[in-house]
Asks: 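Mind looking over this structure? Questions follow.
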Number of protein chains: 2
Amino acid sequence: MASWENPVPIAAYLSFSDLETRSLLDSQDALLIDDARSRTYDAVCVPLATDKWKDRWRDMCIISSEPGRERNESTELRAENWRANPVFELGEVTMTRLEQAEGVIVMISDWLELDASDNWVRHDSEIAMQQELSYASYLDIQTAIFPPPRNRNQIAAYGRAINTCLHGYLTCTNSPPRGSSPPLVSTSSTTSSSTPIRSPEPRAVTSTEAELNITWESLDLTPPLPSMSGVLNRWAAEPIKHLFVPASTFIANAKGYPVLPKGAQSFIRDILKHRPAVILSDTTAGLHVKGGEAAYLQYVRHLDKTSPAVIQAKTAGTVENFARGYQDYLQAPLQPLMDNLQGITYQTFEQDPVKYQKYEEAIYAALSEWPLSERIIICVAGAGRGPLVGRCLSAISRVKCNASVYAIEKNPSAYVTLQQRKASEWKEKVHLLFGDMRSLAVPEPADIIVSELLGSFGDNELSPECLDGAMRFLKPSGISIPSSYTAYLAPLSSSKLYNEVHAGKDDKAPETPYVVMFQAVNILSGEGDDFEGRCGPQIQECWDFEHPRRDVVLDERGLPVTNSHNIRSAKLTFHIPHAGVLHGLAGYFEAILYGEIGLSIHPHRKDHISKDMLSWFPLFFPLKESLYLPSNSELQVSMWRLTNQRQVWYEWYAESFLPVLRPPAETPSGGGSMPRVDGRGSFMTATSTPFVPPSPLIDAIDNPFLVSGDRLFKEMTKRVEEVSKIETGVVKIGQTSLHNPGGRSSWIGL
Amino acid sequence: MASWENPVPIAAYLSFSDLETRSLLDSQDALLIDDARSRTYDAVCVPLATDKWKDRWRDMCIISSEPGRERNESTELRAENWRANPVFELGEVTMTRLEQAEGVIVMISDWLELDASDNWVRHDSEIAMQQELSYASYLDIQTAIFPPPRNRNQIAAYGRAINTCLHGYLTCTNSPPRGSSPPLVSTSSTTSSSTPIRSPEPRAVTSTEAELNITWESLDLTPPLPSMSGVLNRWAAEPIKHLFVPASTFIANAKGYPVLPKGAQSFIRDILKHRPAVILSDTTAGLHVKGGEAAYLQYVRHLDKTSPAVIQAKTAGTVENFARGYQDYLQAPLQPLMDNLQGITYQTFEQDPVKYQKYEEAIYAALSEWPLSERIIICVAGAGRGPLVGRCLSAISRVKCNASVYAIEKNPSAYVTLQQRKASEWKEKVHLLFGDMRSLAVPEPADIIVSELLGSFGDNELSPECLDGAMRFLKPSGISIPSSYTAYLAPLSSSKLYNEVHAGKDDKAPETPYVVMFQAVNILSGEGDDFEGRCGPQIQECWDFEHPRRDVVLDERGLPVTNSHNIRSAKLTFHIPHAGVLHGLAGYFEAILYGEIGLSIHPHRKDHISKDMLSWFPLFFPLKESLYLPSNSELQVSMWRLTNQRQVWYEWYAESFLPVLRPPAETPSGGGSMPRVDGRGSFMTATSTPFVPPSPLIDAIDNPFLVSGDRLFKEMTKRVEEVSKIETGVVKIGQTSLHNPGGRSSWIGL
């Protein structure tokens with residue numbers, strides 16, 4: 001993948017005839033790459049095999065009625081001998097010299113049909129593909145692009161064959177030809193397929209970095225592009241490494257220069273954040289009157305320069321820039337309560353330009369509303385190296401109120417820094433207290449407790465439990481900054497993250513949430529359905545916590561008797577407009593510090609609430625097994641925050657539903673039935689798919705017809721219901737297993 | 001599980017009030033089990049907790065508006081203290097003495113709501129459940145039955161909680177109280193739930209035998225039973241250990257004695273093959289005028305005696321009897337080509353009373369049609385210890401023709417037996433040849449090659465490859481016995497087999513087919529759909545092989561140049577009438593030996609073709625991840641037989657579809673598109689869900705309304721299509737991953 005500094009590489013595609021006309025076909029002097037560079041391309045892409053090969057293969061393997069090409073014994077024998085020993089003959093490949101192959105991307109013959117309906121054609125295509133792949137490996141070629149599937153009926157056969165090629169190739173690279181290094185095998189896809197097509201489970205072959213990225217690494221933008229952006233979004237979740245853009249994708253602008261239509265433009269601008277190589281074809285065909293070949297390259301470079309994603313990544317101060325190198329990198333969440341943080345960790349987070357400024361505003365606002373007469377006690381619960389203490393002091397001096405600050409810290413090392421800062425900066429304005437806020441004795445009750453105990457999912461660093469312990473020394477009228485925080489969830493598709501989680505042999509890896517700066521991901525949910533709002537928004541509120549909380553039963557020490565009140569559970573229903581594969585859940589948080597002042601990493605609101613805040617990446621809850629979600633389906637996600645006296649953990653589970661018609665007989669299943677008190681009672685109960693309001697039956701085929709079909713159908717449904725009193729409902733179509741049961745992974749120690 | 005010899009155990013259920021009236025409530029002298037035995041029961045089942053406990057729990061945990069039961073500080077404090085230290089008070093349990101608990105099955109309080117809509121009720125129910133379970137474990141109670149789920153909306157919460165109880169209990173048994181052994185935790189279910197309810201993935205908790213059986217081990221037959229047998233069949237796939245039959249399930253026969261209605265009768269007769277304990281309740285309530293309590297027991301014992309499944313198992317000569325102890329036991333398929341079989345293995349198979357008799361009939365029939373003048377050469381390819389040789393000789397003597405027999409065997413040890421038999425029995429009538437039929441030189445060409453190389457799936461012991469090698473010495477006019485064989489597949493649900501496959505840590509276990517005598521299984525497919533027959537029958541033909549095969553290209557030695565002609569692939573579409581979980585595929589075979597004479601383990605045809613044949617159990621192809629299939633869905637199964645020059649293996653994959661309406665725009669996707677020859681061509685292709693004829697949109701809720709609703713809908717669909725030109729199609733709703741890619745497991749060596 002190209003770095004952010006350099007522009008994305010642009011490759012010239014040369015067809016077989018291009019190679020002939022440019023006399024580059026297996027040229028013994030000129031190098032393909034030189035020719036490309038001379039035309040200001042960075043790379044070159046050519047077919048590996050020639051028409052001669054195609055003709056021989058077809059003669060051997062395709063039954064034909066053309067005169068003179070009927071099958072006969074000798075043809076059969078030729079074919080069988082080839083199958084036994086697949087070898088190229090002279091003139092059947094476009095390159096024979098290692099030098100010539102240098103820096104070249106090859107296309108595996110795309111007239112091979114791994115998904116033909118005919119068994120023999122499929123079988124012989126697979127052998128031929130293996131043959132081409134191993135020849136590419138022999139030439140030390142780094143990248144080979146497979147043709148895409150064409151026949152939905154045989155998509156499984158296609159997937160199986162790709163997997164085998166891969167497998168075979170991997171076996172062969174166990175003892176690689178001298179000096180050769182494994183080519184990056186890369187499957188290609190068009191944007192126009194109406195059902196998402198997945199290459200075989202990467203886990204189905206042994207885990208090596210190479211294969212973990214075998215999903216769709218090459219994307220063909222040959223027109224027409226699908227009309228609905230939702231379909232294209234799918235590609236945001238794939239590790240796109242190559243973008244194929246034929247000249248025919250371009251239209252002529254007013255001046256006659258080649259430009260891309262709006263849809264393709266914005267899509268490419270966005271996908272460029274993956275830094276793919278852009279492969280241009282037919283640029284010499286003169287499809288556009290002005291600018292010639294160079295115009296296409298200039299235009300792509302222009303798109304790259306003007307891509308918002310790229311610009312953001314290059315602009316200092318943005319999260320995207322701060323996070324460079326961390327995209328899609330899985331980190332274990334911090335556990336500041338269990339582990340004492342390192343100085344370097346404190347330093348990183350103290351660099352956040354936004355977070356502490358928001359805190360100061362919140363403290364300032366709170367103090368401003370206090371009667372000036374009163375002496376105000378502020379307590380920083382978990383002072384770390386003191387950033388919040390500093391903010392308290394400057395807020396106090398701004399308000400000019402009579403306030404003093406207590407700073408509590410349990411990390412002995414950080415406490416040294418605090419003492420040093422008190423001695424040098426804060427002096428008498430700050431009183432230091434060493435110990436755990438849940439047990440420590442505090443000299444006087446506080447009016448304001450300020451803390452920064454939030455994690456990416458809000459409560460996942462045990463802020464609720466810690467603050468429960470701090471409420472002992474908060475005055476009845478006192479307040480907490482933050483005053484509340486909310487966890488949010490969204491269903492996520494990301495073959496890249498899924499594969500990385502499953503790369504290792506550790507079967508607990510998919511039971512643990514990770515902190516991740518998302519890049520190659522796609523949120524599968526839409527903004528609710530347009531039918532009676534059974535589904536919530538794209539990103540949904542999971543649960544929240546408030547401080548201080550008055551209804552907790554306390555023991556004589558003022559501590560909660562149990563942690564039961566911090567248990568949470570949520571069941572969320574998402575609308576899935578376009579088919580996709582669910583790989584996990586994205587977790588976000590939003591906090592109210594005081595009044596209107598907050599912190600947020602909610603994708604839709606963060607820029608409004610706390611723009612350019614760097615301290616938190618989202619949380620990723622992976623799935624053990626991915627779950628396929630059809631277009632226009634509904635996804636129910638169950639999430640639990642659980643606890644015992646020693647630990648806190650999350651468990652999660654997902655079910656998928658599809659709206660269908662059903663007979664009127666079914667009645668709603670009892671929501672909350674009270675405990676039944678009829679002695680032993682019978683186990684007999686009438687459970688049934690819950691009743692739900694009408695919703696559409698059309699599988700949203702991702703094409704323009706959806707819209708009309710959809711409208712059409714709504715009309716129709718109404719009529720049908722009048723006619724036949726049929727109701728609609730949802731039927732369950734899939735489920736994951738329960739994740740992290742009993743918190744067997746991802747414990748968070750209290 | 002009770003053995004086949006003994007009748008199924010019958011337990012008396014005593015409610016709390018029963019215990020009181022019989023003054024057995026925590027009795028310090030009388031033992032529950034003695035009381036039960038005195039009434040000719042084998043066991044007894046009682047609730048673990050009393051109404052006193054129920055009242056206290058509700059006071060603490062249920063918010064109530066009843067006067068005097070409003071919540072207040074002190075109630076809250078009591079509840080919190082209980083949550084912190086869950087302990088029973090005197091009079092809250094039905095037993096306190098170890099002796100009393102002996103041989104007792106307990107019911108966990110079924111008024112606890114693990115699936116309540118209220119978070120707190122769920123939470124407190126879980127604590128209470130844990131409390132009861134650990135008390136049961138303290139009393140060394142072997143079996144505890146959980147209440148079933150009641151609230152579909154919180155079914156996930158129910159599953160999670162059961163899992164936690166289990167998990168907690170397992171942790172506790174890591175250091176069990178002295179002398180205690182873990183109770184068999186058992187979840188209960190009613191037959192009436194309209195959606196199949198699965199307890200959490202057993203794999204979600206650490207794998208111990210105990211938990212692997214946590215699906216539904218107890219079944220409640222309280223009326224009404226579902227009208228459709230398809231729903232009940234589901235239970236055949238669950239490891240039912242207890243059957244709950246209240247007196248109210250019984251009706252009075254003409255004489256006034258209690259009997260069961262037909263449906264329940266046949267269901268119980270069938271389920272008794274699992275040898276569950278039958279728990280009877282209310283038998284003293286005098287619901288039926290005649291016979292008193294004893295009548296119920298007598299009736300159940302009568303059902304047990306007259307159960308066809310049980311009778312078969314007890315009748316010598318039946319497969320069921322032969323297979324006793326092997327039900328649902330996973331065996332690795334034999335590989336007679338790679339491994340030389342043991343004498344004991346030969347002996348077992350030679351005991352088959354049917355198989356060899358069929359072979360003799362086939363040979364007899366073949367010989368009978370030969371002109372008597374000719375000398376006939378019979379060659380037994382793979383003679384083993386000689387059973388087929390013997391059958392050839394007796395067939396010859398019956399026909400009185402001029403024939404001589406060659407016996408080829410490659411197993412040196414078996415060859416000794418052959419020489420011994422030739423010396424003692426066969427003399428000159430038989431010529432022995434030692435070696436591999438694929439390379440061995442045979443003195444004269446054969447008219448008939450007789451072989452027994454078939455596996456449970458027909459070709460899975462490489463009969464095709466071996467016979468290819470034997471065709472060298474078959475006359476052009478010669479025949480093979482068998483002349484052909486066919487493999488069959490059916491989609492299978494069996495949590496038991498699924499769990500056993502996944503019990504170990506070996507991630508290749510789910511990639512290997514197993515030989516299994518099925519018992520706790522359910523075939524999910526129905527006999528095709530009633531709509532345009534897009535779906536095939538319940539058990540579908542996968543592929544077949546014929547011998548001799550004339551179209552194979554041979555080398556100078558007369559051997560096939562490659563094994564490509566033995567590659568097979570099949571894509572089968574099954575109709576799934578009732579929702580269920582797909583755990584794997586069942587594999588069967590049927591062979592034609594000669595003319596009308598055959599061998600079959602096809603469930604529907606075996607009794608017709610080769611009744612009581614013992615030599616083959618079916619094959620089980622497991623899934624790595626189970627796949628949920630909704631009612632009235634369609635299942636597409638892809639199966640491949642693959643080969644290279646050294647090995648043969650199978651790969652499999654499944655996709656699930658649901659019929660829905662869709663807009664007319666979609667056109668059929670090209671089945672077999674010929675290779676496209678437009679130069680490089682674009683990757684662009686229009687793949688789309690294939691067009692399919694109209695089919696129903698109704699999720700077949702498993703109740704009588706299905707039928708009417710169904711008919712209703714067909715009418716409606718027609719009308720709709722007239723009105724709006726809407727077509728119907730199927731939408732993909734789920735998929736498994738590809739199994740055994742590249743044959744990484746389950747190689748069969750050539």
Side-chain angles (χ1 to χ4, degrees), chain A residues 15 76-77 80 83-84 111 116-118 148 150 152 156 163-164 167 188 190 193-194 200-201 204 220 222 553 561-562 564 625 628 630 638 653 660-663 665 669 671-672 675-676 679-680 682-685 687-688 697-699 705 709 712 716 720 724 731 733-735 737-738 741-742, chain B residues 15 76-77 80 83-84 111 116-118 148 150 152 156 163-164 167 188 190 193-194 200-201 204 220 222 553 561-562 564 625 628 630 638 653 660-663 665 669 671-672 675 679-680 682-685 687-688 697-699 701 705 709 712 716 720 724 731 733-735 737-738 741-742:
Chain A
S15 69
E76 289 292 0
L77 183 55
E80 275 289 278
R83 290 177 192 121
W111 40 265
S117 299
D118 179 85
R150 298 186 180 84
R152 179 67 183 83
N163 208 344
T164 309
H167 183 88
S188 164
T190 71
S193 81
S194 70
E201 286 287 337
D220 180 358
T222 304
V553 180
V561 177
T562 75
S564 300
E625 300 122 25
Y628 177 85
S638 298
Y653 170 74
V660 290
L661 276 181
R662 33 189 288 236
S669 88
R676 302 144 110 278
R680 175 212 159 251
S682 163
F683 282 170
M684 156 80 186
T685 42
T687 53
S688 77
L697 294 111
I698 294 166
D699 173 40
F705 290 100
L712 182 63
M716 194 266 302
V720 168
S724 59
V731 52
I733 58 172
Q735 65 191 14
S737 51
L738 178 66
Chain B
S15 69
E76 289 293 357
L77 183 56
E80 274 290 277
R83 290 177 193 122
W111 40 265
S117 298
D118 179 87
R150 298 184 180 87
R152 179 67 183 81
N163 208 342
T164 309
H167 182 88
S188 164
T190 70
S193 80
S194 69
E201 285 289 337
D220 179 359
T222 303
V553 180
V561 177
T562 75
S564 300
E625 300 121 24
Y628 178 85
S638 297
Y653 170 74
V660 291
L661 277 183
R662 33 190 288 240
S669 89
R680 175 208 161 260
S682 162
F683 282 172
M684 157 79 187
T685 41
T687 53
S688 77
L697 294 108
I698 294 164
D699 174 40
I701 301 302
F705 289 99
L712 182 63
M716 195 267 301
V720 167
S724 58
V731 52
I733 57 172
Q735 65 191 14
S737 50
L738 178 66

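Quantities reported herein were computed from a predicted structural model and do not represent experimental measurements. Here is how names work: the chains are called A, B, and so on, in the same order as the sequence lines, proteins then strands, and each is numbered from 1.
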Asks: Taking all non-hydrogen atoms of both residues into account, name the closest pair between B:Tyr628 and A:Gly734 and its distance.
Replies: CD2-N, 3.9 Å

Asks: Under 4.5 Å from any heavy atom of chain A, what part of B:Ser638 do you find: side chain, backbone, both or neither?
Replies: side chain

Asks: Provide the closest heavy-atom pair for A:Ala84 versus B:Val561 in the form atom of the first, atom of the second, distance.
Replies: CB-CG1, 4.1 Å

